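Each ligand, and each atom within it, is numbered from 1 in the order the structure gives. The shown structure was predicted, so the numbers you read here are calculated from the model rather than taken from an experiment. Note: hydrogens, waters and symmetry copies are ignored here, and every other heavy atom, side chains too, is used.
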Amino acid sequence: MSFLLPELGFGYADLEPHIDARTMEIHYSKHHNGYTNNLNNALDKANISNQTIEEILTGLDMNNMAVRNNAGGYYNHCLFWEILNPNDKKDLGGDLEAAINSSFDSLDGFKEQFSKAAATRFGSGWAWLCVKDGKLEICSSANQDNPIMPSIGCGGQPIMGIDVWEHAYYLNYQNRRPDYIAAFFNVVNWRVVAEKFKNA
Ligand code: MN3
């Protein structure tokens, strides 16, 4: 059994002008593909088989850097493409909007805190919106770590994430990470995030 690079579900140019086609192509076909292949090799070496990606991450040996980095990279990018899928994209509403208003006062309040977590993550990593004990929480993690790994100080079930590695934005935004983060909100598929919220 091995993991496969998932279908992207949309075209490289479909997120323009917010995320450019060249960045999408390299990000998906080189970076995510690389994590996928390296994950399969690392799992072979570690004699791990017949587990879902979630089982691998929740039961992870944090000292096995090959599995940690590549299982994280595999899972994180799968989630990222899902929440960026422009098909049947909806505005924020329903239970998720109510939960965001309750936790962060307003959508703007949420965006401000999420953007801050993403902008202040030093070096490479991700910022997350998680559901923890039924409540929404924002956090960030380094490298390809994520909230379902053991004890990374960022807990819960991730329902939305932003990749703030330079490979996610440098071609179009260079060092202007805050501009990329602001543009990200234009391409978030709230329908998908709301589904993940419901299932968390
Ligand atoms: Mn990436």
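- Looking only at its N/O/S atoms, Asp163 has OD2 as the one nearest to the Mn ion (ligand 1).
- With a cut-off of 2.8 Å, the Mn ion (ligand 1) has no N, O or S atom of His31 in range.
- Looking only at distances, no side-chain donor or acceptor of Glu82 sits under 3.5 Å from a matching main-chain atom of Val192.
- With hydrogens and angles left out, the side-chain atoms of Trp165 and His31 include no donor and acceptor closer than 3.5 Å.
- Minimum interatomic distance between Asn70 and Tyr35 (heavy atoms only, all atoms of both residues): OD1-CD2, 3.5 Å.
- Aromatic pair Tyr74/His32: centroids less than 6.0 angstrom apart.
- With the Mn ion (ligand 1) at the apex, His27 NE2 and His167 NE2 define an angle of roughly 100° (rounded to 10 degrees).
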